[in-house]
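A note on names: the letters A, B, ... follow the listed sequences, proteins ahead of strands, and every chain is numbered from 1. The basis for the numbers below is simple: all heavy atoms, side chains too, and nothing from hydrogens, waters or symmetry mates.
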Protein chains: 2
Amino acid sequence: MSAITEPTERRQDPYPSRLPEERWLPRQDKTVWSQWRPDAPLTAQQADQFDRDGFLVLKDLFTPEEVKALMAESAALRGGERTLMEGSVITEPGSDEVRTVFRLPEQSPLFDRLARDRRIAGIARFLLGDEVYIHQSRLNYKPGFTGKEFYWHSDFETWHAEDGMPRMRAVSASLLLTDNDALNGPLMLMPGSHKTFIACAGETPEDNHKSSLKKQEVGVPSHAALTKLAAEHGIHAATGKAGTLVLFDCNTMHGSNGNITPFPRSNAFFVFNAVSNRLEEPFGARKPRPDFLADRSEPKAIDIASGKLV
Amino acid sequence: MSAITEPTERRQDPYPSRLPEERWLPRQDKTVWSQWRPDAPLTAQQADQFDRDGFLVLKDLFTPEEVKALMAESAALRGGERTLMEGSVITEPGSDEVRTVFRLPEQSPLFDRLARDRRIAGIARFLLGDEVYIHQSRLNYKPGFTGKEFYWHSDFETWHAEDGMPRMRAVSASLLLTDNDALNGPLMLMPGSHKTFIACAGETPEDNHKSSLKKQEVGVPSHAALTKLAAEHGIHAATGKAGTLVLFDCNTMHGSNGNITPFPRSNAFFVFNAVSNRLEEPFGARKPRPDFLADRSEPKAIDIASGKLV
C-alpha cells in the first residue's frame, strides 16, 4: 500500500472535513469488526453495547495492586522524577502544571506492559478485527481547582484530516487513575454519535496542533450540530473508581467540563489502530502532525501479553 | 442602631477577614433561628437538615404553570425585550451574552411576587426568626457550550467584608429555571461547611466587585483550606428539574463548574436578610459596594403573599 494518496483517490474520500460548510455524513465503516465467539475478551452483550453506543465502561478488570502500581508510575512520570522525551509534555494554559505526557510505552516499561495487556490491547484487537498498533498514547492530568474544559470533538475527524487515518477502524482506551465522579470533569460521551461523521467547517491552520492541544478551535462541530446530537443521543458521563477502563470508538463525540473541585482527574490513554488502517497523507491539512501525536512509522502488530501487570 | 461602626466595635468583629493570613473561626450565630412549630413552612426534618447541612433542596413547591410563567418572564428579561435599569446587567467574560440581571423585583412584577411568596420568603422568615428584606436579587444565566465556572466562596465572607453585613443571619434562595443535572454546571455545596468561617487572606482591592462578579480572586479560601473542607464535608450537587428551590445559608461554601454541554442553566436568586441584621460600614473594605449588590436603604419587612403566582 502506498503512503501517498493520489488526487483521484482524495476525491473519493468518504469522510471529507474542514469544508466551507458543516455536513452530516453516514458512517461507512463497521464499529465492531469481529464476529463474537465464546473466547472473545468481551461478552456478547458488551460487544453489542459497544456497537450501539460507541463506548463501554468496564470496572474491576485490574487488581488493586495493579491499579496502585499504575498510579505510582503515573505520579513519577508527572512529578519530574523521570527525564521525559523532549516535546512529549503539554502544560495547562497559563500555568506550568503538567496536563499531558505523550509516548507512554516508550517512557515507561509498566505502561508499555499495560498497553500490550490482553484486557486492553486484546479487546482492541477483537473490536477492530485486525492486529493493532498504538497510534497515540498519553497520560492526561486534569488538576483540581483549575482543570480546564476540553471541548466536544470526534477524534477521528482530527486523525483523518490532520494525520491521514483513512477509515474508522481505531479505538481509544482510557484507564482511570483517579476516582472520577460527575463533578470532577469526567469524560462525557454522546452514545450513538459514532454513527454519523460531522464534517467540520473551516480550513486547518498551519501547525494547528500547537494550539489545538490546549484549546481546539478547528475540527469542532457547530453549536447547532452539538445541540441536535445531544437531543438525539443524550450525554453520558464515564464515571468510576481508579482502575475503571473506558473504551470508545474513534468517532464518538466526547468532551469534558472544567473542574473546580479539589479532586484531580487523571488517566492513561491509548489509541489502537488496525494495522490495515495505517496512516496516509492528511486528508484535510497541508502536512501531517508530529510523530508523538500520530505514529507514522511502519505499523508493527502489538505482541499481546496475558497475566497480571505486577 | 447606628449605621456607623466605631473602631472599638470593629476590633470585636467575630468574623474578621481579608487578613495577612487565612484563619478558621467557629460560627458564632445560629443557622435556624426559629423553634419549629407545626405551622412552620418546613417540616421538622427539613429544618434539622438545613441546620446540619446549611442547605436544602425542595422539589415540586411550584405548579407547572407557575414554573412556565417564570421561565417566560426570565427569557423576556434576558432577551432584550425589556429595558433594564442601568448597571443591572453583567455579561460573560469575553462575550456579550447576559450572565446576570440584578434587581429582579424592581424590574418585574412577577419576580416581585415570587420574592414575596410564602414558599420562599415565608421559609426565609422562619429560618432567620425575624422579618426579612431582600439584600440582593438576580437572574443568573449560564449559557450552554461556554458557561464559565464560578469558584468556591462563602457569600457571607463578601457580604461581611465588602457590604458590612454584621452577622450570619441571611439565607439565599435559588429557584431553578432550567433542568439542572450534574453535568451542566450545577450549584455545588459543601454540607456542614457553614459552621466554620474561613477568614480569607489578602486585602480588598479598590472597586473589587467590578472584577469579582466575573471572576472572584479576593475573599476565596486557599487550595489547602478547600481540600480540607471537601475531605471533611464532601461536595453535593444541587440538581433538579426547573422549579426546584435550593435554599442555602449565607456561609455555606459553594461554587459551580463551567458547562460545555448544550444545556444552559439559569435560576432566579434572592438573598433574604433579617431586618435586625441591617448593613453597617464594610468590615474589610474601604467603601461599600453599590446598591444593586447590597441594599443599604432602611430595611422594610417583606409583606409575605400566599396562594399561586399565576
### Summary
Applying side chain to side chain contact (heavy atoms under 4.5 Å, CB included) to A/A69 and not counting sequence neighbours gives A/L110, A/V310

Below 3.5 angstrom, are there any donor-acceptor pairs between chain A and chain B, and if so, which atoms and how far apart?
unit_1: A/W152; atom_1: NE1; unit_2: B/I260; atom_2: O; d: 2.7
unit_1: A/L183; atom_1: O; unit_2: B/N257; atom_2: ND2; d: 2.8
unit_1: A/N257; atom_1: OD1; unit_2: B/I260; atom_2: N; d: 2.7
unit_1: A/N257; atom_1: ND2; unit_2: B/L183; atom_2: O; d: 2.8
unit_1: A/I260; atom_1: N; unit_2: B/N257; atom_2: OD1; d: 2.7
unit_1: A/I260; atom_1: O; unit_2: B/W152; atom_2: NE1; d: 2.7

### Message
So A/P262 and B/I235, do their side chains get closer than 4.5 Å, heavy atoms only?
### Response
yes

